[in-house]
Trainee: 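First the structure, which I've put down as structure tokens, then a few questions once you've had a look.
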Amino acid sequence: MNPDTKAPNQPFKEPNIPQKFLKPYDPATTEDAIYQGWIDSGYFNPDNLPERHKVPFSIVLPPPNVTGILHMGSAFMVAIEDVMVRYARMKGFKTLWIPGTDHAAIATQSKVETEIYKKEGKRRHDLGREELLRRINEFASQSHDSIVHQLKKIGASLDWSREAYTLDNKRNFAVRTAFKKMYDDGIIYRGYRVVNWDPKGQTTISDDEIVYTEGKGKFYTFKYSKDFPISIATTRPETKVGDTGVAVHPDDPRYKALIGKEYDIDFAGEKIHVKIVGDMEVNPEFGTGAVGVTPAHSHVDYEIARRHDLPIVPVINEYAKMSVASSLLAGKKTTEAREIVVAWLKEQGLLEKEEEIPQNLSTAERTGGIVEPLPKLQWFVNVNKKIADRGNRTLKELMLDAVRKDGIKIIPENFERVYLHWIENLRDWCISRQIWFGHRIPVWYKTDVSGKEEIFCGLEAPSGDDWKQDEDTLDTWFSSGLWTFSTLGWPEETSDFKTYHPTTVLETGYDILPFWVARMILMSQYILGTIPFNTVYFHGIVRDEQGRKISKSLGNNIDPVDMAAKYGADAVRMGLIIGTGPGNDSKIGESKIKGYKNFANKVWNITRFVLSSTEGLSVDKSFAAWSEKDTALTIELDALMAEITKEMDEYKLYLVGEKLYHYVWHNFADAILEESKAVFASGTEAERLSRQQFLLHTLERTLRALHPFMPFVTEEIWKDMPVPGKLPLIIETWPS
RNA sequence: GCGCCUUUAGCUCAGUUGGUAGAGCAGCUCAUUUACACUGAGAAGGUCGGGGGUUCAAGUCCCUCAAGGCGCACCA
């Protein structure tokens with residue numbers, strides 16, 4: 001012993017309690033070791049849980065996209081789920097929480113392509129399929145590693161031994177199996193239809209991947225030619241060279257007599273052939289009451305053309321340029337062509353009216369490209385086909401029944417209506433994408449000697465050399481739709497699959513209700529004939545302190561890991577959870593998180609007080625000599641525990657967190673601890689003993705109740721709690 | 001156009017079968033070698049968006065209006 005080292009001068013006469021409690025709680029030096037301890041214990045894996053954990057509880061982590069790092073929104077999600085999971089584990093469920101990441105096809109590929117183009121000036125075809133995929137996979141793997149690191153920092157008790165990736169081999173096998181089943185059942189079909197084409201990303205996208213932005217457009221009223229009997233109106237004059245019909249309401253007295261007539265017209269340098277048709281969908285009140293039908297470049301017009309057998313004439317190509325022959329328009333961008341056509345109309349004296357109107361612009365969610373409707377040969381999922389072994393119900397009906405009849409419970413309830421409303425508007429789902437990063441479509445083609453194309457769909461390539469696999473990949477949500485069961489080993493009949501499916505709860509953001517939640521229900525209902533989860537819990541969007549969306553351009557992002565490093569993961573979790581009910585957006589700022597760091601320290605100091613005033617004692621479960629006052633306090637605490645247990649079962653985590661915070665700080669610390677000082681100073685021997693036991697019991701119970709919310713500080717304190725026969729807190733029982 | 005949500009203290013939000021308005025933060029006034037300053041005590045602060053109805057009783061149920069936010073669809 002160095003003689004210079006003196007015992008530190010303590011203001012408070014410290015008994016022999018662990019040294020660590022003499023300093024403020026420091027999350028930075030404890031959290032990593034605690035997490036490692038949990039990993040080493042193996043308790044994240046339900047196979048390692050003790051005997052009492054029998055009834056399964058399962059939940060999948062909504063797999064973060066491998067497009068970068070986690071933001072506050074993901075931390076929010078992880079915090080909520082970890083509370084659910086830790087609660088279930090303490091309640092004695094055989095608890096499984098499966099981690100994973102999502103390859104996020106278009107999002108990831110376009111991000112990497114943009115980077116490469118910025119740095120090297122190269123585009124996808126300059127690199128080739130193999131090299132581009134190598135680069136994307138490299139990027140995805142880095143993102144994956146930082147995401148995993150972040151999840152651990154927040155304290156997520158995920159079973160890492162079961163980690164999955166939407167694009168790994170097992171999930172690829174699941175995708176192929178699902179695709180083949182749907183193909184064989186005629187649910188998946190290939191069709192030439194107008195789809196949403198993203199000229200920037202050079203791929204089709206689904207209806208849900210379109211973002212509408214408000215803008216202004218010009219609305220032109222004109223005639224095709226001087227001799228044409230009807231004026232039409234449009235915001236896109238350049239597409240009119242692709243018109244093959246004019247639709248009017250069948251009962252419109254102005255036009256009724258013209259229905260069925262056909263015209264050959266010279267229009268802006270193109271020869272077009274137009275037939276007048278009567279269609280109920282046309283609103284006689286709008287515009288001139290007549291629609292110029294451009295089947296190739298409008299979803300609505302395409303439907304009209306189908307009903308009246310009008311030909312489809314594409315006039316715009318994949319690069320949003322005119323594909324017509326005339327020197328006037330050939331090769332022009334659509335925006336240039338529009339001006340040329342308008343000028344031509346003016347010159348010919350055909351333009352009757354030009355007015356400004358508000359108009360929504362359709363852009364691709366991931367690339368920002370302006371979506372161009374184009375006719376293309378693509379793969380679709382038919383949502384209206386009756387399925388024999390699902391009681392002759394369609395996919396739409398299966399999706400509706402999942403919530404209406406088959407018992408999926410949605411929290412908060414009002415999202416049930418949002419879900420049903422979305423499904424009622426659902427059209428066939430275009431699942432093929434012209435990008436390279438994703439699950440390749442398991443279909444092969446061969447052209448025989450007579451020039452006829454053969455199609456083969458299978459789990460593996462067919463034998464023979466002349467088969468060529470479809471170049472396209474699948475929409476990323478196709479593989480995510482299988483997530484609740486592909487992560488459990490399906491299509492193999494694994495014991496995980498049999499034990500944990502349907503999963504207990506799905507917790508996710510309401511913003512991906514249509515993309516993901518609906519598709520998981522679709523896939524599970526169709527493929528397995530069961531719902532994928534019993535309960536859906538939706539959380540909202542995390543906003544900044546002023547209520548603005550977190551965005552790069554605003555620079556208002558707060559990194560959850562930075563916050564955890566500064567204030568502790570427990571504080572970040574509490575800040576995210578408290579004050580936010582399901583389905584509500586939440587506001588998070590540094591000050592809120594800071595407040596809960598103080599709370600963690602409060603719990604720490606309560607422990608210091610309790611341990612130092614109960615030295616030599618341990619929690620005595622059989623203690624019965626309670627004072628009158630302590631009996632009353634115990635009854636009060638019993639009531640609180642019963643109340644929060646009920647609320648936990650109803651997923652009202654935000655209430656429980658707040659109530660525990662309030663009880664621990666303002667009842668236990670401010671009132672009970674203060675009063676105890678008097679008891680210890682002047683109470684009788686029996687009163688003192690009763691109070692000592694009460695403090696120990698109460699601390700012990702509140703630590704257990706707080707554990708799901710603040711796992712790190714509670715586990716750290718628990719190590720020094722005088723509780724006979726204690727287990728690690730993570731597998732201790734929930735207090736009742 | 002169809003639909004959903006929100007409106008309660010300065011700010012953020014609780015308030016679950018209708019029964020006297022709640023918490024946190026901020027602000028204000030005190031306390032100051034205390035288990036803890038990452039502290040404690042206290043006071044102040046609301047005609048629960050407006051109007052109407054049901055009821056013995058409405059923040060809560062019904063109708064209506066207003067403001068704000070969001071989703072879906074989109075008419076050429």
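Naming: A, B, ... by sequence-line order, numbering from 1 per chain.
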Trainee: Could you check, using the six-membered ring where one of them is a Trp, whether A/Tyr596 and A/Tyr567 have ring centers closer than 6.0 angstrom?
Mentor: no
Trainee: What's the gap between B/G18 and B/A57 when it is taken at their P atoms, as a whole Å value?
Mentor: 15 Å
Trainee: Start with the C-alpha distance between A/Lys597 and A/Tyr25, add both sets of side-chain angles, then the distance that settles side-chain contact (heavy atoms from CB on, under 4.5 Å), and finish with yes or no.
Mentor: CA-CA 9 Å; A/Lys597 181 197 159 89; A/Tyr25 174 61; over 6 Å; no
Trainee: Which nucleotide sits closest to the side chain of A/His662: B/G3, B/G24, B/C75?
Mentor: B/G24
Trainee: Quick one: is A/Arg417 getting a side-chain N or O under 4.0 Å of the B/G3 phosphate, OP1 or OP2?
Mentor: no
Trainee: P atom, B/U29 versus B/G68: distance in rounded Å?
Mentor: 38 Å
Trainee: Which listed nucleotide (B/G24, B/G3, B/U34) is nearest to the side chain of A/His666?
Mentor: B/G24
Trainee: Would you say the side-chain atoms of A/Lys396 pair up with the backbone N or O of A/Leu426, donor to acceptor, closer than 3.5 Å?
Mentor: yes
Trainee: Base, sugar-phosphate, or nothing: which does A/Ile232 touch, judged by heavy atoms less than 4.0 Å apart?
Mentor: nothing
Trainee: Any strand counts, and the cut-off is 3.5 Å on both contacts for Watson-Crick or G-U wobble. Which nucleotide pairs with B/C72?
Mentor: B/G1
Trainee: Need the pair for B/A21. Rule: Watson-Crick or G-U wobble, both distances under 3.5 Å, any strand; none if unpaired.
Mentor: none
Trainee: Report the nucleotide, chosen from B/C72, B/C36, B/A14, that has the shortest atom-to-atom distance to any side-chain atom of A/His421.
Mentor: B/C72
Trainee: Now, which nucleotide makes the Watson-Crick or G-U wobble pair with B/C36, with each of the two distances under 3.5 Å?
Mentor: none
Trainee: Check whether the ring centres of A/Tyr510 and A/His539 lie less than 6.0 Å apart, and answer yes or no.
Mentor: no
Trainee: Separation of A/Lys592 atom NZ from B/A23 atom P, in whole Å?
Mentor: 17 Å
Trainee: Find the distance A/His299:NE2 to B/C75:P and express it as a whole number of Å.
Mentor: 10 Å
Trainee: Could one point to a donor on the side chain of A/Asn601 or the base of B/C36 with an acceptor on the other under 3.5 Å away?
Mentor: no
Trainee: Can you check the distance between B/U8 and B/G3, where both ends of the measurement are the P atom (answer in whole Å)?
Mentor: 26 Å
Trainee: What nucleic acid atoms does A/Val293 come within less than 4.0 Å of, heavy atoms only: base, sugar-phosphate, or nothing?
Mentor: nothing
Trainee: Among B/U39, B/C36, B/A76, which is the nearest nucleotide to the side chain of A/Trp665?
Mentor: B/U39
Trainee: Consider the side chain of A/Asn598, meaning its heavy atoms from C-beta on, and name the nucleotide among B/C38, B/G40, B/U34 that approaches it most closely.
Mentor: B/C38
Trainee: Measure centre to centre between the rings of A/Phe286 and A/Phe219, then say whether the value is under 6.0 Å.
Mentor: yes
Trainee: Without decimals, in angstroms, what is the distance between A/Leu673 CG and B/A35 C1'?
Mentor: 7 Å
Trainee: Assign A/Thr294 to base, sugar-phosphate, or nothing according to its heavy-atom contacts below 4.0 angstrom with the strands shown.
Mentor: nothing
Trainee: Measure from CD on A/Glu643 to P on B/G15 and round the result to the nearest Å.
Mentor: 13 Å
Trainee: Taking OP1 and OP2 of B/G40, is either one under 4.0 Å from a side-chain nitrogen or oxygen of A/Lys602?
Mentor: yes
Trainee: Can you tell which of B/C36, B/A76, B/G24 lies closest to the side chain of A/Glu674?
Mentor: B/C36
Trainee: Does B/U47 have a Watson-Crick or wobble partner in any strand here, with both distances under 3.5 angstrom, and which is it?
Mentor: none
Trainee: So if I take every side-chain heavy atom of A/Asn425 and compare against B/C25, B/A76, B/C72, which nucleotide ends up nearest?
Mentor: B/C72
Trainee: Taking CE from A/Met574 and P from B/A23, how many angstroms apart are they, rounded to a whole number?
Mentor: 17 Å
Trainee: Of all the nucleotides listed (B/G15, B/A35, B/A41), which has the minimum atom distance to the side chain of A/Lys677?
Mentor: B/A35
Trainee: Taking any heavy-atom pair under 4.0 Å as a contact, classify A/Glu647: base, sugar-phosphate, or nothing.
Mentor: base
Trainee: Within the 4.0 Å heavy-atom criterion, would you say A/His297 contacts the bases, only the backbone, or no part of the nucleic acid?
Mentor: nothing
Trainee: Hey, which of these two, A/Lys646 or A/Gly579, hits RNA chain B nearer its 5' end, going by closest nucleotide?
Mentor: A/Gly579
Trainee: Which whole-number value in Å describes the distance from A/Glu658 CD to B/C25 C1'?
Mentor: 12 Å
Trainee: Select from A/Asn414 and A/Ala600 the residue whose nearest nucleotide in RNA chain B is closer to the 5' end of that strand.
Mentor: A/Asn414
Trainee: Might you point out which heavy atoms bring A/Leu350 and A/Ser225 nearest each other, and give the distance in Å?
Mentor: CD2-C, 3.5 Å
Trainee: Give none if B/A58 has no partner; otherwise give the nucleotide forming a Watson-Crick or G-U wobble pair with it, both distances under 3.5 Å.
Mentor: none
Trainee: Which value, in whole Å, describes the distance between the P atoms of nucleotides B/C48 and B/G19?
Mentor: 16 Å
Trainee: For B/A14, does either OP1 or OP2 sit under 4.0 Å from a side-chain N or O belonging to A/Asn584?
Mentor: yes
Trainee: Using a heavy-atom cut-off of under 4.0 Å over every strand shown, decide if A/Ala247 touches base, sugar-phosphate, or nothing.
Mentor: nothing
Trainee: How far does the P atom of B/G46 sit from the matching atom of B/A67, given to the nearest Å?
Mentor: 27 Å
Trainee: Mind checking the C1' distance from B/G15 to B/A21? Whole angstroms is fine.
Mentor: 9 Å
Trainee: Please round to the nearest 0.5 Å and tell me the distance separating atom CG of A/Leu513 and atom CD1 of A/Ile521.
Mentor: 7.5 Å
Trainee: Using the P atom as the reference point in each nucleotide, state the distance between B/A23 and B/A14 in Å, no decimals.
Mentor: 16 Å
Trainee: If you look at every strand shown and take non-hydrogen atoms under 4.0 Å, does A/Asp511 touch a base, only sugar-phosphate, or nothing?
Mentor: nothing
Trainee: For atom P, what is the distance between B/U47 and B/C30, given to the nearest Å?
Mentor: 28 Å
Trainee: May I ask you to decide if A/Pro295's main-chain N or O and A/Ser298's side chain share a donor-acceptor pair within less than 3.5 Å?
Mentor: no
Trainee: Using a heavy-atom cut-off of 4.0 Å across all strands, would you classify A/Tyr212 as base, sugar-phosphate, or nothing?
Mentor: base
Trainee: For the ring pair A/Trp429 and A/Phe380, is the centre-to-centre distance below 6.0 Å?
Mentor: no
Trainee: Taking the side chain of A/Leu655 as heavy atoms from C-beta outward, which of B/C38, B/A14, B/A76 is closest to it?
Mentor: B/A14
Trainee: Select base, sugar-phosphate, or nothing to describe what A/Gly287 touches, counting heavy atoms under 4.0 Å on all strands.
Mentor: nothing
Trainee: When the distance from NZ of A/Lys597 to P of B/C25 is rounded to whole Å, what number comes out?
Mentor: 17 Å
Trainee: Taking any heavy-atom pair under 4.0 Å as a contact, classify A/Asp301: base, sugar-phosphate, or nothing.
Mentor: nothing
Trainee: Quickly work out the A/Met710 CE to B/C38 C1' distance and round it to whole Å.
Mentor: 12 Å
